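What you see is a predicted model, and the numbers here were worked out from it, not measured in a lab. Residues take their numbers from the sequence shown, with the count starting at 1.
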Amino acid sequence: QVQLVESGGGLVQAGGSLRLACAASGSIFSINAMGWYRQAPGKQRELVAVITGDGTTYSADSVKGRFTIHRDNAKKTVDLQLNSLKPEDTAVYYCNARISTYQYKAVISDFWGQGTQVTVSS
């Protein structure tokens with residue numbers, strides 16, 4: 001059993017900052033990429049930022065220069081620092097990790113957190 005638990009969402013004014021945290025736990029053999037996605041009302045879920053095991057990062061154009069992703073391999077955590085927030089950043093943010101378990105070491109599967117709401121007021 002693998003769990004991703006998120007924290008850190010909330011309500012903030014435009015221009016403000018938030019930090020989202022996600023911790024993976026359970027029968028984890030290895031973690032490949034970890035990342036954050038978001039889904040706004042009426043829209044499809046979209047990639048925000050991702051970080052590989054060696055620290056290579058990718059961010060969506062809409063958040064470049066404002067959001068920073070960080071990972072701690074030893075703690076199995078991934079954080080997302082959100083700065084200069086805009087109302088259009090309002091969404092439910094989901095943590096994602098590509099994980100292989102001890103039971104199926106050769107299989108990499110996607111696991112998701114429960115989501116955390118980020119609301120940015122204008």
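Among residues at least two apart or in separate chains, there is no disulfide (SG to SG under 2.5 Å) pair with a member in residues 32-74. Among pairs with a residue in residues 50-109, those fulfilling ring-ring contact (aromatic ring centres under 6.0 Å, His included) read Phe29-Tyr102, at least two apart in sequence or across chains.
In the hydrophobic clustering of ILVMFWY residues, with side-chain heavy atoms under 4.5 Å counting as a link, Ile69 and Val63 come out together. Val92 and Leu47 fall within the same hydrophobic cluster, where Ile, Leu, Val, Met, Phe, Trp and Tyr residues are linked whenever their side-chain heavy atoms come under 4.5 Å apart, directly or through other members. Leu82 and Val50 fall into different hydrophobic clusters, where Ile, Leu, Val, Met, Phe, Trp and Tyr residues are linked whenever their side-chain heavy atoms come under 4.5 Å apart, directly or through other members. Hydrophobic cluster membership differs between Ile108 and Ile51, with clusters built from Ile, Leu, Val, Met, Phe, Trp and Tyr side chains linked at under 4.5 angstrom. Taking hydrophobic clusters as Ile, Leu, Val, Met, Phe, Trp and Tyr residues chained together by side-chain heavy-atom distances below 4.5 Å, Val78 does not share a cluster with Tyr37.
Judged purely by distance below 3.5 Å, without hydrogens or angles, the side chains of Gln117 and Thr119 pair a donor atom with an acceptor atom. Donor-acceptor pairing under 3.5 Å is recorded for the side chains of Ser17 and Asn83.
Side-chain contact between Trp112 and Glu6 is absent, with no heavy atoms from C-beta onward closer than 4.5 Å. Counting heavy atoms from C-beta outward, Glu46 and Arg38 have side chains that approach closer than 4.5 Å. In this structure the side chain of Val118 reaches within 4.5 angstrom of the side chain of Leu18, judged on heavy atoms. Here the side chains of Trp36 and Asn96 are not in contact, with every heavy-atom distance at 4.5 Å or above.
Contact between Ala14 and Pro87 at its shortest, heavy atoms only, is CB-CD, 4.1 Å. In plain terms, the two heavy atoms of Val120 and Thr90 that are nearest each other are N-OG1, 2.9 Å. The shortest non-hydrogen separation linking Ala24 to Leu4 is CB-CD2, 3.3 Å. Ile31 and Ala97 make their closest contact through CG2-CB, 4.3 Å (heavy atoms, listed as atom of the first residue, atom of the second, distance).
Salt-bridge formation is not detected for the pair Lys86/Asp89: no Lys NZ or Arg NE/NH1/NH2 atom is positioned less than 4.0 Å from an Asp or Glu carboxylate oxygen. Salt bridge status for Asp79 with Arg71: absent, with no side-chain N to carboxylate O gap under 4.0 Å.
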CA sep, side-chain torsions, deciding dist, call: Ser30, Ser100, side chain to side chain donor-acceptor pair (under 3.5 Å) | CA-CA 5 Å; Ser30 68; Ser100 61; 2.7 Å; yes
Take Arg19 and Ser7 through the side chain to side chain contact (heavy atoms under 4.5 Å, CB included) test and state the conclusion after the steps.
-> CA-CA 9 Å; Arg19 188 172 184 88; Ser7 60; over 6 Å; no
Test side chain to side chain contact (heavy atoms under 4.5 Å, CB included) on Ile28 and Thr101 and set out the steps.
-> CA-CA 5 Å; Ile28 297 171; Thr101 64; over 6 Å; no
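Considering CD of Gln3 and SG of Cys95, their distance stands at 12.0 Å, rounded to 0.5 Å. Separating the CZ atom in Phe111 from the CE atom in Met34 is a distance of 11.5 Å, to the nearest 0.5 Å. The distance from atom CG of Leu80 to atom SG of Cys22, rounded to the nearest 0.5 Å, is 10.5 Å. Taken to the nearest 0.5 Å, the NZ atom of Lys76 stands 9.0 Å off from the OG atom of Ser25. The OG atom of Ser121 sits 10.0 Å away from the CG atom of Leu85 when rounded to the nearest 0.5 Å. Here Gln44 contributes atom CD and Gln39 contributes atom CD; the two are 8.0 Å apart, rounded to the nearest 0.5 Å.
The closest donor-acceptor contact from the side chain of Arg66 to the backbone of Ser84 lies under 3.5 Å.
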